[in-house]
Amino acid sequence: MVEATGHAARGPGTDRGRRRRVHEGPVRQLPRDGRPAGPTARAGTRDSFATVAEAVEWMRQSRVQIRTSGDPVTGTTVTVHLALDDRSGDSAIIEYIDGEPHIWHDRSYTVMTNSPPFAEQLERLHEIEGFGGDRPLPGGTDADERFARAAFYLDRLPAPADRTRAVAELLSVMRNASQPFRVPDPDHPNASTTLWRTITDHVDGVYVFEDTGRPNIVWVRLDGLDLSEGAPVRKLDLVADTGLEGGLVGEVSAHFEATAPMEFLRAS
């Protein structure tokens, strides 16, 4: 997956209009020991804290352990990292290495891709032209090369005049940094096709979703959904919707249907 967050374009030259990020996952294996564990860290972190600063403080103090499930094909433990941001423009990247949380908390951390670890990604970036080095901007599909391209182009986006332009600009960077469709390579099992891309507008409450296997882009205005306490669970099923003509496209909040609540995996 590739995700981007934007903080509502309010006109050319505005700081809020330029506060944009590109994130990709997963990255790192987390430890299994005696500390508290949780299989849904991302959703839990988003639901439990109002700001990035609150979440970071809790991560530093709680010594939480995150357990992940295994790959259904290879049995390999799935690896993860976490990117957080909020409507103020604050940002954090969190990785666990050898059981210890490594946290980068600053609104300047706007790009995240897969391995190597984030600290090494930053070191390699300084070797690239435009970031202090003399290496040309790479064009390969390795995560560090895609990291460099995302950072380079994200930093050079013009201030958008409106949300439509902001979404288009972010998608241009995300598509450049995504993994294209490809046949499996046994020598590079980590090089898998990007399955979806999302954009989140924190300020105006708009969520944009692009499935790389379908031709149409959909988005939801959160004020078009009933998110009140006790409201019924609803979902939007895009699995069977692959039509270029007649398929879902555009604002789709009216197409959500009632469903049973999602069951989370239990830590074992």
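None of the values given here were measured: they were computed from a predicted structure.
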Q121: which residues meet the side-chain hydrogen bond (donor to acceptor under 3.5 Å, both in side chains) condition with it, sequence neighbours left out? T113

Do the non-hydrogen side-chain atoms of M59 and Y96 ever get within less than 4.5 Å of each other? yes

side-chain hydrogen bond (donor to acceptor under 3.5 Å, both in side chains) partners for R175, two or more places apart: E210

Do I94 and H81 come close enough that some side-chain heavy atom pair is under 4.5 Å? no

I want to check something: taking the side chain as every heavy atom from C-beta on, are R234 and T259 in contact at a cut-off of under 4.5 Å? no

How far does OG1 of T193 sit from CZ of R182, to the nearest 0.5 angstrom? 7.0 Å

Starting at CD1 of I93, measure out to NE2 of H102 and round the result to the nearest 0.5 Å. 14.5 Å

Establish, from distance only, whether the side-chain atoms of D237 and H255 form a donor-acceptor pair under 3.5 Å. no

All heavy atoms of V111 vs all of A150, minimum pair found to be CG1-CB, 3.8 Å

Closest heavy-atom pair, L125 versus A148, reported as atoms and distance to 0.1 Å, is CD1-CA, 3.8 Å

List in chain and number order the residues that pass salt bridge (Lys or Arg N to Asp or Glu O under 4.0 Å) with E54, two or more places apart in sequence or in another chain; answer none if no residue qualifies. none

With sequence neighbours excluded, tell me which residues meet salt bridge (Lys or Arg N to Asp or Glu O under 4.0 Å) with R149. none

In terms of the angle between their ring planes, are W58 and F49 parallel, tilted or perpendicular, with boundaries placed at 30° and 60°? tilted

Evaluation steps, side-chain contact (heavy atoms from CB on, under 4.5 Å), between L236 and L248: CA-CA 10 Å; L236 178 68; L248 288 176; 3.8 Å; yes

Quick check: is V233 connected to L225 through a chain of hydrophobic side chains (ILVMFWY, heavy atoms under 4.5 Å apart)? no

Answer with yes or no whether the hydrophobic clustering places V252 together with V249; edges join I, L, V, M, F, W, Y residues whose side-chain heavy atoms lie under 4.5 Å apart. no

Rounded distance (nearest 0.5 Å) linking atom CG of D223 with atom CG of D204: 9.0 Å

With side chains defined as the heavy atoms from C-beta onward, is the minimum distance between L238 and W196 less than 4.5 Å? no

Of all the heavy-atom pairs spanning I128 and P138, show the shortest one and how long it is. CD1-CD, 3.9 Å

Row check, F152 ring normal vs R156 NZ/CZ: under 6.0 Å, within 45°: yes

Do the side chains of S91 and D106 get nearer than 4.5 Å, heavy atoms only? no

Using 0.5 Å steps for rounding, measure from the OG atom of S62 to the CD atom of E57. 10.0 Å

Is there a donor-acceptor pair under 3.5 Å between the side chain of D142 and the backbone N or O of D144? no

Gap separating the CH2 atom of W219 from the OG1 atom of T198, nearest 0.5 angstrom: 15.0 Å

Give me each pair satisfying salt bridge (charged side-chain N to carboxylate O under 4.0 Å, His left out) with a member in residues 128-139, each pair once, sequence neighbours excluded. E127-R135

Test side-chain contact (heavy atoms from CB on, under 4.5 Å) applied to T51 and D90, step by step: CA-CA 8 Å; T51 66; D90 198 8; over 6 Å; no

Would you say F209 and V220 make side-chain contact, with heavy atoms under 4.5 Å? no

Are the side chain of T194 and the backbone of Q179 linked by a donor-acceptor contact shorter than 3.5 Å? yes

Which pairs count as salt bridge (charged side-chain N to carboxylate O under 4.0 Å, His left out) when at least one residue sits in residues 110-122, sequence neighbours excluded? E120-R124

Taking side chain as C-beta onward, heavy atoms only, is L195 less than 4.5 Å from D211? no

Please test L222 against V206 for side-chain contact (heavy atoms from CB on, under 4.5 Å), starting from the C-alpha separation and ending with a verdict. CA-CA 6 Å; L222 298 185; V206 178; over 6 Å; no

Assess the residue pair E251 and S253 against the criterion (side-chain hydrogen bond (donor to acceptor under 3.5 Å, both in side chains)); give the C-alpha distance rounded to whole Å, side-chain angles, the decisive distance to 0.1 Å, and a yes or no. CA-CA 6 Å; E251 212 288 329; S253 60; 3.0 Å; yes

Roughly how far, to the nearest 0.5 Å, is the CE atom of M174 from the CZ atom of R197? 6.5 Å

For A92 and V52 the tightest heavy-atom approach is CB-CG1, 3.7 Å

Give a yes or no answer on whether the side chain of R163 reaches the backbone of D201 with a donor-acceptor pair at less than 3.5 Å. no

Side-chain heavy atoms of L171 within contact of I199, under 4.5 Å: yes

Check: D86/S88 side-chain N/O donor and acceptor closer than 3.5 Å: yes

With a 6.0 Å cut-off on the ring centroids, do F118 and W104 count as close? yes

